[in-house]
Number of protein chains: 2
Amino acid sequence: MSELPRISDAEWRVMEVVWKKAPQTANEIVAALAAMNWSPKTIKTLINRLVGKGALQYDKDGRTYLYSPAVEQGSMEQGLVGGLLRGAFKGSAHRLVLRALETGETSREELDAIKALIARFETDGSGE
Amino acid sequence: MSELPRISDAEWRVMEVVWKKAPQTANEIVAALAAMNWSPKTIKTLINRLVGKGALQYDKDGRTYLYSPAVEQGSMEQGLVGGLLRGAFKGSAHRLVLRALETGETSREELDAIKALIARFETDGSGE
DNA sequence: CTCCATATATTACGGTTGTAATTGATAGTG
DNA sequence: CACTATCAATTACAACCGTAATATATGGAG
């Protein structure tokens, strides 16, 4: 049961790019992150760290590398939220949801989707 | 609009103690954290860092200090969840909730409480 | 007034993170 | 075949974090 790597915020941005489309070269990743205004060097560093942590893997294509995720986005999201839930919220999911809703950025559609989730988890204790 | 300080996990544990009861002396905080098996020195360091970050404040009582929170727990929780929501979930509250529920640790009571929250946020767009 | 127990303050040290620059390897260009 | 543009690898460095140890100040016991 391989442990999920612990990755930082900046590293997460890089993972998002590769989760969205894989494999990608370092330069493609850099291009996808243009909006971050990071030096390409910085992004290369982040990529290397992610490889070191086992979050990214690569195949050599001649001189360049093709990077792909080595961990699933959903698992990482679960790890993140689970940590918060256990750590800061002591398992109180409704308090976590309260804080999320308090940001005031949640649309009616999101609220409906959450209602649907609750219904699903109410009938059977887990996912459908 | 004072910015919320950014505090680490270990520091959060200390804040929890002071949020639960304030003011408290350093020694009372240490006692409350006995279960963490941290050296008292370590806890003093965390307290000092929290003061430096503006998360704790103190009043001198002779030679000892009485520490109190300088930021509210709710605000800090909101900052935490809001950051996650904007950062990793791109505003998709229902996906955040999904990941929370997937941990499989959520009781029926929690689910009911969440339903109540949804209802509240559906009628008026914010807290009552 | 002196000494000690104890409270706070300062310093330590290796690992992580943000943010890069420098170095080393190599595929093409001429 | 020598040179350069470009990859990836190594190194840098300050701030933050976990985890303390050491130093300094001071109220109270004699």
Side-chain angles (χ1 to χ4, degrees), chain A residues 3-18 23-68 70 76 79-80 83-84 87-88, chain B residues 3-18 23-68 70 76 79-80 83-84 87-88:
Chain A
E3 284 300 309
L4 288 176
R6 212 173 136 52
I7 74 182
S8 75
D9 284 0
E11 287 161 358
W12 190 278
R13 297 292 152 249
V14 173
M15 288 304 296
E16 282 177 338
V17 169
V18 185
Q24 290 191 73
T25 66
N27 280 347
E28 287 174 317
I29 296 172
V30 167
L33 288 169
M36 302 298 298
N37 270 89
W38 282 336
S39 158
K41 306 290 193 180
T42 297
I43 298 174
K44 303 291 181 67
T45 297
L46 294 172
I47 290 172
N48 279 340
R49 287 180 183 170
L50 286 166
V51 170
K53 290 179 177 185
L56 281 182
Q57 56 185 128
Y58 60 83
D59 288 310
K60 289 197 196 52
D61 176 31
R63 62 183 161 150
T64 65
Y65 288 8
L66 288 172
Y67 296 93
S68 308
M76 292 297 284
L80 223 53
L84 207 62
Chain B
E3 284 301 309
L4 288 175
R6 219 179 129 45
I7 73 182
S8 75
D9 284 0
E11 287 161 358
W12 190 278
R13 296 293 152 247
V14 174
M15 289 304 296
E16 283 177 338
V17 169
V18 185
Q24 289 191 74
T25 66
N27 279 347
E28 286 173 318
I29 297 171
V30 167
L33 288 169
M36 302 299 297
N37 270 87
W38 283 337
S39 158
K41 305 291 192 180
T42 297
I43 298 175
K44 303 291 180 65
T45 297
L46 294 172
I47 290 172
N48 279 339
R49 286 181 183 169
L50 286 166
V51 170
K53 290 179 177 187
L56 281 183
Q57 58 186 129
Y58 59 84
D59 288 310
K60 291 197 196 48
D61 176 31
R63 63 185 158 146
T64 66
Y65 289 7
L66 287 172
Y67 296 93
S68 307
M76 293 296 285
L80 223 51
L84 208 62

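Lettering of chains follows the sequences in order, A, B, ..., and the numbering in each one begins at 1.
- Side-chain atoms of B:Lys41 and base atoms of D:dT19 include no donor and acceptor less than 3.5 Å apart.
- The residue among B:Glu11 and A:Tyr58 whose nearest nucleotide of DNA chain D is located toward the 5' end is A:Tyr58.
- Computed from coordinates, the A:Ile29 CD1 to D:dT6 P distance equals 18 Å when rounded to whole Å.
- Residue B:Asn48 is classed as a base contact, given a heavy-atom separation below 4.0 Å to a base.
- Taking side-chain N and O atoms only, B:Asn27 has no distance below 4.0 Å to OP1 or OP2 of C:dT6.
- As rounded to whole Å, 6 Å separates atom C1' of C:dT8 from atom OH of B:Tyr65.
- A straight line from CG of A:Leu33 to P of C:dA20 spans 13 Å, rounded to a whole angstrom.
- D:dC16 atom C1' lies 13 Å from atom CG of B:Asp9, rounded to whole Å.
- Here A:Ser39 lies in heavy-atom contact (under 4.0 Å) with sugar-phosphate atoms only.
- A close approach under 4.0 Å does not occur between any side-chain nitrogen or oxygen of A:Thr64 and OP1 or OP2 of D:dT6.
- Scanning both residues, A:Gly79 and A:Leu4, for their nearest heavy atoms gives CA-CD1, 4.5 Å.
- You'll find a donor-acceptor pair under 3.5 Å spanning the side chain of A:Arg49 and the base of C:dT19, going by distance alone.
- Note that the NZ atom of A:Lys44 and the CZ atom of A:Arg49 stand 15.0 Å from one another [nearest 0.5 Å].
- Out of D:dA20, C:dA20, C:dT8, the shortest distance to the side chain of B:Lys44 is found at C:dT8.
- To the nearest angstrom, C1' of C:dT16 lies 13 Å from CG of A:Leu50.
- The side chain of A:Lys53 lies closest to C:dT17, out of D:dA8, C:dT10, C:dT17.
- Among the protein residues, A:Thr45 comes within range of the nucleic acid bases, having at least one heavy atom under 4.0 Å from a base atom.
- Protein atom CD1 of A:Ile47 is 16 Å distant from nucleotide atom C1' of C:dT17, rounded to whole Å.
- To the nearest 0.5 Å, atoms CD1 (B:Ile7) and CZ (B:Arg13) are separated by 9.5 Å.
- Residue A:Asn37 is the one, among A:Asn37 and A:Gly62, whose nearest nucleotide of DNA chain C lies closer to the 5' end (criterion: closest heavy atom).
- Here the CD atom belonging to B:Gln24 is positioned 5.5 Å from the CD1 atom belonging to B:Ile29, to the nearest 0.5 angstrom.
- At D:dT19, one or more side-chain N or O atoms of B:Trp38 fall inside 4.0 Å of OP1 or OP2 (strictly under the cut-off).
- Counting any heavy atom pair closer than 4.0 Å across all strands shown, B:Thr42 reaches a base atom.
- Taking atom CG of A:Leu46 as the reference point, atom P of C:dT17 lies 10 Å away to the nearest angstrom.
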